[in-house]
Amino acid sequence: QVQLVESGGGLVQAWGSLRLSCVASERSFNAYVMGWFRLAPGKERNFVAAISGSGGMTDYAVSVKGRFTISRDNAKNTVYLQMNSLKPEETALYYCAGKSPWSTAWNAWGQGTQVTVSS
């Protein structure tokens with residue numbers, strides 16, 4: 001079972017930036033599609049961004065497109081989420097997720113890292 005550990009969350013003012021990191025304990029990390037999700041208080045967990053195993057393809061939620069960038073460094077087993085122009089409504093617990101080559105669903109989850117955006 002792959003382990004995912006997120007870091008980089010914190011408190012930031014509106015329109016500020018944060019970079020989240022997620023390290024995976026998986027030798028075949030480059031075979032995993034990786035993604036970020038977020039869970040805001042009183043809301044469902046929502047998709048934020050995803051990246052293919054090679055990093056050649058990315059996908060974003062409409063609400064973050066142009067402000068967030070997902071990337072990965074397979075040599076470091078790490079996926080990143082650069083978040084710019086953050087809004088207070090984006091305060092949430094941000095989760096890293098992985099999808100193994102044999103799975104159609106996200107089957108690995110981190111514990112989450114809290115991002116708080118103050119107005």
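Computed from a predicted structure; not experimentally measured.
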Using the test side-chain contact (heavy atoms from CB on, under 4.5 Å), find all partners of Asp73 that sit at least two apart in sequence or belong to another chain.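 side-chain contact (heavy atoms from CB on, under 4.5 Å) list for Asp73, sorted by chain: Ala75, Lys76, Tyr80.
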Could I get the full list of side-chain hydrogen bond (donor to acceptor under 3.5 Å, both in side chains) partners for [X], not counting sequence neighbours?
{"X": "Ser118", "value": "none"}
{"X": "Gln82", "value": "Asn84"}
{"X": "Asn77", "value": "none"}

Value rounded to 0.5 Å, distance of CG in Leu11 from CD in Gln114: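 Leu11 CG to Gln114 CD: 10.0 Å, rounded to 0.5 Å.
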Interatomic spacing from OG1 in Thr58 to CZ in Arg72 - rounded to 0.5 Å: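 Thr58 OG1 to Arg72 CZ: 12.0 Å, rounded to 0.5 Å.
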Sort and list the pairs that fulfil disulfide (SG to SG under 2.5 Å) and have at least one residue in residues 13-119, not counting sequence neighbours.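 Only Cys22-Cys96 qualify under disulfide (SG to SG under 2.5 Å).
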For residues 23-60, which residue pairs qualify under disulfide (SG to SG under 2.5 Å), counting only residues two or more places apart or in two chains?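 Pairs touching residues 23-60 that pass the test: none.
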Could you list the cluster mates of Val33? Members are the ILVMFWY residues connected by side-chain heavy atoms closer than 4.5 Å, either directly or through other members.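 When side chains under 4.5 Å apart are linked, the cluster holding Val33 also contains Phe37, Leu39, Phe47, Leu93, Tyr95, Trp106, Trp109.
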Connected hydrophobic set around Val115, excluding itself, where side chains approach under 4.5 Å: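 Members other than Val115 - counting any ILVMFWY side chain reachable under 4.5 Å - are Val2, Leu4, Val12, Leu18, Leu20, Phe29, Tyr32, Met34, Trp36, Val48, Ile51, Tyr60, Val64, Phe68, Ile70, Val79, Leu81, Met83, Leu86, Tyr94, Trp102, Val117.
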More than 12 heavy atoms of other residues, nucleotides or ligands under 6.0 Å from CD of Glu89: is that the case?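 It does: Glu89 CD has more than 12 such atoms within range.
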Where do Arg38 and Ala92 come nearest, in terms of heavy atoms and distance?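 Scanning both residues completely, I find the closest heavy atoms to be CB-CB, 3.9 Å.
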Heavy-atom closest contact (Ala14 atom, Ser119 atom, distance):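 Taking Ala14 first and Ser119 second, the nearest heavy atoms are CB-CA, 4.3 Å.
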Summary of salt bridge (charged side-chain N to carboxylate O under 4.0 Å, His left out) pairs that have at least one residue in residues 17-27, sequence neighbours excluded: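 Non-adjacent pairs meeting salt bridge (charged side-chain N to carboxylate O under 4.0 Å, His left out): zero.
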Looking at residues at least two apart in the chain, or sitting in another chain, which of them share a salt bridge (charged side-chain N to carboxylate O under 4.0 Å, His left out) with Arg67?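 With neighbours one apart ignored, the set is Glu90.
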Okay, side chain of Glu6, backbone of Gln111: is any donor-acceptor separation there less than 3.5 Å?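 Flag set: sc Glu6 to bb Gln111 pair under 3.5 Å.
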